[in-house]
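Notes to accompany the following structure.
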Amino acid sequence: VERCRGQLDAPAQAVEFRRTRAGGAARGFGAEDLSVMAVAAQVVDLIPCEEIEGVVEFGVATQRDDGRRRSGFGCRRRGFELRSQGFAAALTAPSRGVIKGTSAVVLLGDGDARDLILEPEAALHVNFSVVGDFKDPGYPNSPMGAYALTRQSLYDAEWYQKAHDAWDKNHSLPRPETNETLVALQGYAGGKKRVIFDTADEQYALRADQQAKEFDLNAILRGSGREYRRLGLIAATGRPIVLPVNFPKAPPVDSPEEAMNVSLEELMHWDLAPANPRLVAEAGIRFALTTDGLKDKKMFLKRARKAVTYGLDPDAALAALTVTPAKILGLDHVLGTVAKGKLANLVVVHGDLFAEKAEIIETWVAGRRYPVRPVMIEDPRGTWEVRYATPGIDAPPDLVITIEGTPHKLKGSYKSSRSEGEIKEIELLDARVFFQVHAAARGEVYLLSGTVTRDALFGEGLMPDGTVFQWTARRTGKSG
C-alpha cells in the first residue's frame with residue numbers, strides 16, 4: 001500500500017444561480033436569501049491520503065506486482081473537508097514516481113466504494129520533476145532522466161503492440177513476452193486516453209507539450225501557478241490546464257536584512273500569482289481550478305475569491321469549477337450541468353459563491369444531502385422560561401435562557417435567582433438544540449438538549465453528578 005498524495009477533486013459545480021426566499025421549511029433563515037447552486041461537475045484537485053498498512057477503508061494508490069500503480073479513493077476523513085468547499089467528486093491520483101499510474105474519478109459521498117466510482121481509469125499521470133536523492137540514487141534521479149524514461153516507455157509500448165500484432169498474423173514468428181506494464185501503456189500514444197503531466201513550472205509545461213506532440217497524446221497540464229511567465233507559448237499548446245490557487249504569502253521584509261534576502265523574482269511571483277487565473281483566462285486557455293498545494297483545503301474558496309478580486313471573471317471561475325472539469329475528464333454526460341439524466345450534485349450557498357462572506361450550507365452528492373452548516377427546521381433563538389419535569393433536582397431555579405446570534409453561530413446566556421452566566425457550545429441539528437449552562441459561581445456545568453416545536457422546548461438534561469432530568473421551556477420573546 002502506497003501513500004496517495006492526492007486527488008484531483010471537484011467542487012460541485014453550479015451552472016445557474018436561483019434566488020429563493022428561505023421561508024416555510026427553512027424558517028431558521030427567516031427572510032434571508034439562499035443561492036441555490038446547481039452542481040454537477042467539479043474542480044480538479046490533489047488531496048493527500050493517509051498511508052495505512054493493508055487495505056484502506058476509502059482506498060489509496062496501490063503498487064501492483066507488475067509495477068503498475070492505480071489510485072483508488074481518497075481518505076474518508078477528507079470527505080467533509082472537501083464537501084465544505086462545495087466538492088462533490090474527486091479524481092484520485094497516485095503521488096509518487098515518474099509514470100505514476102492511473103487515476104479514478106469518484107463521488108465524495110458515503111457508502112459502498114463500488115457505488116462511488118464514476119470512472120475507474122480516468123487518466124495516466126506523469127511527472128518529470130524528479131529531484132535526485134543521495135539516499136536512494138536510483139534511476140531516474142533528474143528531470144532529464146525522467147523525460148527520457150517516459151519517452152522510452154512509450155516507444156516500448158508502441159513496439160510491444162506491433163510485435164504482438166505481427167505474431168497474431170504469423171505464429172511462425174517468436175512469440176513476444178507478456179509484459180503487463182507495457183499493456184497498461186496501450187491506448188495513450190495516438191489515442192484518446194488522457195495523460196496528465198505534472199508541471200513544476202512553465203518550462204515543464206512546455207516540455208510536457210513537446211512529448212505530447214511526439215506521441216500524439218491527449219494531454220492535460222497540472223499547472224504550477226507560474227503560467228503567466230510564458231503565457232503566449234503555453235496558450236499556443238492548446239492544452240487544458242489545472243490551475244492551483246496556492247498563492248504565496250508576502251515575503252518577510254520587516255528588516256533590511258530580511259528584505260535583502262528576498263529576490264526580485266520572489267516579489268514578482270507574490271504580486272502576480274493571484275492574477276494568474278485571470279491572465280490564463282484572457283489568453284483563451286481552458287482551465288480548471290484546484291486545491292492542489294493548499295495545506296488547508298478549507299482555504300480553497302477564500303483563494304478562489306482572491307483570484308476573482310484580482311480580475312478573474314466570476315462566470316469564468318464558476319466554469320472552472322463545473323463544466324470545464326467535466327469536459328476535460330470526459331464526464332460531461334453525467335457532470336457539469338444540471339440536466340435530466342445527470343447526477344444531482346448540488347450546493348446551497350448563503351450569498352453569492354464568490355462573495356467574501358458567502359457560506360456553503362450543504363452539498364448534495366448524487367442526490368444525497370450532506371449538511372455543512374446546520375439548517376434550522378425550527379429557530380431556537382429567543383428568550384425561554386425553563387421548567388423542570390423531574391422533581392427534587394438541585395438545578396438552577398427560575399431559569400431563563402436567551403439564545404441569539406446568526407443561524408450558524410449561536411450564542412446565549414442564562415439567568416436564575418441563584419446565578420447568571422453564559423450558555424456555551426450551542427449546537428443545532430435540524431429541530432434539536434444542544435447547549436451547556438455554565439454555573440460559574442458553583443463551578444458546575446449542566447448539559448441540556450431539547451427539541452424545538454414553535455414556541456415550546458422539551459428535552460433532557462444532565463446534572464454535574466450524573467443525574468438525568470427532564471425539562472420543558474416556553475418562549476417568552478423573540479431574538480434575531
Side-chain angles (χ1 to χ4, degrees), residues 4-14 39 41-49 71 74-75 78 81-95 100 103-106 108 122-123 125-127 129 194-202 204-205 208 219-228 234 239-248 273-281 285-308 310 312 316-329 331 335-336 347 353-354:
C4 164
R5 191 181 185 89
Q7 297 187 132
L8 292 164
D9 61 353
Q13 121 276 344
V39 284
Q42 294 91 34
V43 158
V44 188
D45 228 27
L46 291 178
I47 298 176
C49 286
S71 67
C75 305
R78 291 287 188 185
E81 185 179 45
L82 295 177
R83 290 193 299 265
S84 73
Q85 298 299 292
F87 289 84
L91 182 114
T92 66
S95 62
K100 302 195 296 183
S103 53
V105 178
V106 300
L108 292 173
H125 291 254
V126 176
N127 178 27
S129 54
R194 295 167 190 81
V195 181
I196 297 179
F197 287 92
D198 296 355
T199 62
D201 59 31
E202 71 283 1
Y204 279 96
I220 301 166
L221 305 179
R222 175 185 163 195
S224 63
R226 300 175 184 268
E227 287 71 25
Y228 62 87
I234 293 176
R239 311 288 180 190
I241 302 179
V242 181
L243 289 180
V245 290
N246 58 333
F247 309 135
N276 188 60
R278 171 180 64 82
L279 296 172
V280 167
I285 301 172
R286 285 191 302 154
F287 72 96
L289 295 177
T290 172
T291 68
D292 183 23
L294 291 175
K295 293 182 179 179
D296 183 359
K297 304 304 177 184
K298 293 180 180 178
M299 293 295 292
F300 172 75
L301 279 177
K302 184 176 181 179
R303 297 298 180 84
R305 289 163 184 159
K306 185 173 184 178
V308 171
Y310 271 69
L312 177 62
L318 189 60
L321 301 178
T322 57
V323 292
T324 300
K327 290 180 179 178
I328 288 176
L329 295 175
L331 293 171
L335 302 174
V347 173
L353 180 63
F354 297 112

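Note that this is a predicted model, so its numbers are computed, not measured. By convention here, the first residue in the shown sequence is residue 1.
The shortest side-chain heavy-atom distance between I196 and V126 does not fall under the 4.5 Å cut-off. Residues I241 and R286 form no side-chain contact, since every pair of their non-hydrogen atoms from C-beta on lies 4.5 Å or further apart. Considering only heavy atoms from C-beta on, E81 comes within 4.5 Å of D296 through its side chain. Counting only heavy atoms from C-beta outward, the side chains of L321 and F300 approach each other to under 4.5 Å. Between L279 and E227, the closest side-chain pair of non-hydrogen atoms is not below 4.5 Å. For the pair S95/K100, no side-chain contact is recorded, criterion being any heavy-atom separation below 4.5 Å from C-beta on. In this structure, L301 and L353 have side chains that are in contact, with non-hydrogen atoms separated by less than 4.5 Å.
Pairing each heavy atom of A307 with each of P277, the nearest pair is CB-CG, 4.0 Å. Residue P248 comes nearest to A273 through the heavy atom pair CD-CB, 3.6 Å, listed as atom of the first residue, atom of the second, then distance. V105 and A122 make their closest contact through CG2-CB, 3.7 Å (heavy atoms, listed as atom of the first residue, atom of the second, distance). Contact detail for S129 and A200: the closest heavy-atom pair is CB-CB, 3.8 Å. Closest approach of F354 and A304 over heavy atoms only: CE2-CB, 4.5 Å. The shortest heavy-atom contact between P325 and A288 is CG-CB, 3.7 Å.
Here the two rings, on F197 and Y204, have centers that are 6.0 Å apart or farther.
With sequence neighbours left out, A205 forms a side chain to side chain contact (heavy atoms under 4.5 Å, CB included) with T199, L221, I234. Here F287 pairs with nothing under the ring-ring contact (aromatic ring centres under 6.0 Å, His included) rule; sequence neighbours left out. In terms of the side-chain hydrogen bond (donor to acceptor under 3.5 Å, both in side chains) criterion, residue partners of R239 (sequence neighbours excluded) are, by chain and number, D209. Y228 pairs by the side-chain hydrogen bond (donor to acceptor under 3.5 Å, both in side chains) definition with H269, not counting sequence neighbours. Residues meeting the side chain to side chain contact (heavy atoms under 4.5 Å, CB included) test with K302, sequence neighbours left out: M299. Residues satisfying the side-chain hydrogen bond (donor to acceptor under 3.5 Å, both in side chains) criterion with R194, sequence neighbours excluded, are absent altogether.
With R278 contributing its side chain and V308 its backbone, the two residues share no donor-acceptor pair below 3.5 Å.
Separation of atoms NE2 (H125) and CD1 (I220) is listed at 8.0 Å; rounding is to 0.5 Å. In this structure, S224 OG and N276 CG are separated by 7.5 Å, a value rounded to the nearest 0.5 Å. One finds the CZ atom of R303 at 5.5 Å from the CG atom of L294 (value rounded to the nearest 0.5 Å). L91 contributes atom CG, which lies 11.0 Å from atom CD1 of I328 (distance to the nearest 0.5 angstrom).
Using a cut-off of 4.0 Å between Lys/Arg side-chain N and Asp/Glu carboxylate O, D201 and R226 are scored as not salt-bridged.
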Original post:
Is there a side-chain contact (heavy atoms from CB on, under 4.5 Å) between V280 and L243 once you walk through the steps?
Top reply: CA-CA 9 Å; V280 167; L243 289 180; 4.0 Å; yes
